[in-house]
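Right, one structure below, let's go through it.
Since we're looking at a predicted model, the values are computed, not measured.
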Amino acid sequence: MSTTTTTVSSHKQTLPEPQNALAGAKTGDWVAQLRDNGFAVIKNAIPQDRAIAYQQKAREWLKSFGNDELDYENPETWLAKNLPAQSTINTFSAYAVAHEKFMWDARMEAGVIEAFSKIWGTEELLVSFDSLNVTFPNRKDAPRKGVWEHVDQSPFRRGMHCVQGIINLSTAGPDDGGLMVYPGSHRLVDEFFDTQTDPSTWSTKDLYWLDQTNLDWFKARGCSPHKVCADIGDLIVWDSRTIHYGSEPAETSETIRTVIYAAYSPAKFASTETLQCKSEVFSKYGGTTHWPHDNIVVRKTRAILPDGTRDPRDREEPLELPQISDRLLKLAGVEPY
């Protein structure tokens with residue numbers, strides 16, 4: 001695979017695709033589905049009993065802020081006042097949650113790591129310090145986020161540079177909140193950027209929002225939204241070039257969506273500077289973006305209430321510290337392989 005840099009204008013350069021292990025995947029295999037469709041579901045990546053245990057730990061974490069009124073069996077209590085501050089709608093990234101023991105235990109599940117090892121062809125991986133998502137269906141005071149289709153990769157990168165993941169700790173049925181993707185859109189993004197956008201407006205930020213005109217261009221080429229369904233313990237993976245967004249639960253849903261976002265990529269992709277930054281974030285129990293080996297943009301580590309003040313319940317470290325091991329430190333980018 002080429003490793004040379006190609007230019008798109010006199011002052012803009014694109015980064016070529018790094019090596020991965022998708023080319024030789026056989027049709028029907030989930031790796032081939034990721035290659036061809038831009039997403040895949042790995043069944044039973046985590047044994048169901050352990051996935052349920054992680055779900056319960058996530059629920060205990062939500063109630064650890066003195067939210068005695070929060071009752072998982074009573075929808076009337078599913079209100080913002082009974083929850084810790086959220087970084088975005090339904091996601092939690094403050095309070096050092098990215099480094100809670102149950103979050104690290106789920107990230108270090110063999111079936112999850114093996115899936116990403118199969119994608120990249122190496123066991124020497126880094127993992128993102130990503131968020132926890134707990135979505136209560138039909139929450140009475142939940143702000144409506146609408147549709148927000150996007151890709152998590154800059155036009156300056158060509159090919160697959162990042163594969164994102166969702167560790168399912170709840171069922172994701174057709175009516176439940178969850179991941180929506182546009183299958184096959186990852187194979188069209190280069191053409192889209194080169195023919196439908198102005199390179200002078202491109203950003204190196206690995207995020208590109210699509211408006212309705214953009215989406216119509218993809219739909220005219222056979223791409224349409226698809227709800228990704230999965231069971232407790234399944235792992236969902238998708239190419240960051242695939243158009244996606246998180247859907248809200250339908251009124252008929254009764255499932256409290258509980259997932260951990262986790263992405264893995266080869267440690268060799270990271271620069272020395274990136275590893276230093278990642279190590280510093282780890283030392284402060286901070287969170288990052290979806291990207292494990294680049295874009296170590298630290299998420300807001302302070303829990304901010306709706307009135308703009310810091311939550312007095314905020315934490316400098318996890319409620320339950322992870323069990324530090326050589327494997328964990330290597331995944332975190334603190335220790336070299």
Side-chain angles (χ1 to χ4, degrees), residues 1-6 8 12-25 31 34-35 38-40 42 98 104 107-108 112-131 151-167 186-187 189-190 193 202-208 235-242 244 260-283 286-299 326-337:
M1 191 169 295
S2 173
T3 58
T4 58
T5 300
T6 57
V8 294
K12 303 287 187 180
Q13 291 185 322
T14 58
L15 300 175
E17 181 174 19
Q19 187 174 3
N20 61 66
L22 303 190
V31 181
L34 172 62
R35 178 193 64 205
F39 78 100
I42 296 90
W104 268 110
R107 291 188 193 112
M108 293 181 67
V112 175
I113 294 175
E114 287 170 3
F116 282 92
S117 294
K118 192 172 183 180
I119 291 169
W120 294 112
T122 180
E123 295 181 357
E124 297 183 353
L125 300 170
L126 299 175
V127 69
S128 59
F129 308 150
D130 216 328
S131 305
V151 294
D152 285 307
Q153 186 165 303
S154 165
F156 287 113
R157 299 185 195 263
R158 297 303 165 107
M160 189 179 78
H161 283 254
C162 182
V163 177
Q164 296 167 236
I166 288 175
I167 300 173
H186 65 304
R187 292 183 278 106
V189 290
D190 287 355
F193 286 131
W202 292 354
S203 168
T204 56
K205 184 176 181 179
D206 286 294
L207 175 64
Y208 191 94
L235 171 67
I236 303 171
V237 295
W238 71 99
D239 187 322
S240 288
R241 297 171 297 166
T242 302
H244 62 282
I260 293 171
Y261 297 108
Y264 304 68
S265 56
K268 65 182 180 181
F269 288 178
S271 67
T272 300
E273 293 75 18
T274 294
L275 290 173
Q276 291 173 343
C277 182
K278 195 174 179 76
S279 180
E280 182 179 352
V281 174
F282 177 81
S283 71
T288 62
T289 68
H290 306 306
W291 284 61
H293 67 281
D294 204 350
N295 295 323
I296 309 301
V297 178
V298 183
R299 291 185 184 272
D326 182 64
R327 182 61 166 142
L328 184 150
L329 293 175
K330 288 179 176 178
L331 283 168
V334 177
E335 295 291 340
Y337 281 94

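The two residues Lys330 and Leu126 come nearest to each other via the heavy atoms O-CD2, 3.5 Å. Minimum interatomic distance between Trp104 and Ala332 (heavy atoms only, all atoms of both residues): CH2-CB, 3.9 Å. Across all non-hydrogen atoms, the minimal contact from Ile113 to Leu125 is O-CD1, 3.9 Å. The heavy-atom pair separating Val127 from Ala262 by the smallest distance is CG2-CB, 4.5 Å. In terms of heavy-atom proximity, Pro292 sits nearest to Ala263 at CG-O, 3.2 Å. Here the shortest heavy-atom pairing between Phe116 and Gly165 reads CZ-CA, 4.1 Å.
Looking only at distances, no side-chain donor or acceptor of Thr122 sits under 3.5 Å from a matching main-chain atom of Pro266. Remark: the backbone N or O of Met160 is paired with a side-chain donor or acceptor of Glu17 at under 3.5 angstrom. Side-chain atoms of Thr288 come within 3.5 Å of backbone atoms of Phe129 as a donor-acceptor pair (strictly under, hydrogens ignored). At distances below 3.5 Å, at least one donor-acceptor pair connects side-chain atoms of Thr289 with backbone N or O atoms of Asn295. Of the possible donor and acceptor atoms, none in the side chain of Lys118 sits under 3.5 Å from a partner among the backbone N and O of Ala21. Side chain of His161 to backbone of Pro16: a donor-acceptor contact under 3.5 angstrom is found. A donor-acceptor pair is defined here as one N or O able to donate and one able to accept, closer than 3.5 Å; no such pair exists between the side chain of Ser240 and the backbone of Gln153. Of the possible donor and acceptor atoms, one in the side chain of Trp120 sits under 3.5 Å from a partner among the backbone N and O of Tyr264. Within the 3.5 Å criterion, the main-chain N or O of Arg241 finds no donor-acceptor partner in the side chain of Tyr208. Looking only at distances, no side-chain donor or acceptor of Asp152 sits under 3.5 Å from a matching main-chain atom of Leu207.
Between Asp130 and Ile260, the closest side-chain pair of non-hydrogen atoms is not below 4.5 Å. Proximity of Arg107 to Leu331: side-chain heavy atoms (C-beta onward) are nowhere separated by under 4.5 Å. In this structure, Ser154 and Lys205 have side chains that are not in contact, with every pair of non-hydrogen atoms separated by 4.5 Å or more. Two residues are said to be in side-chain contact when any heavy atoms from C-beta on lie closer than 4.5 Å; His290 and Ser128 fail this criterion.
With rounding to the nearest 0.5 angstrom, the CG atom of Asn20 is 9.0 Å from the CD1 atom of Ile119. Atom CD1 of Ile296 sits about 13.5 Å away from atom CZ of Phe282, to the nearest 0.5 Å.
Exactly one residue among Leu15, Thr204, Thr14 makes a side-chain contact (heavy atoms from CB on, under 4.5 Å) with Arg157. That residue is Leu15.
In this structure, the ring-ring contact (aromatic ring centres under 6.0 Å, His included) partners of His293, at least two apart in sequence or on a different chain, are Phe269, Trp291. In this structure His244 satisfies the ring-ring contact (aromatic ring centres under 6.0 Å, His included) test together with His150, Trp238, sequence neighbours excluded. Looking at residues two or more places apart in sequence or on another chain, you find no side chain to side chain donor-acceptor pair (under 3.5 Å) involving Arg35.
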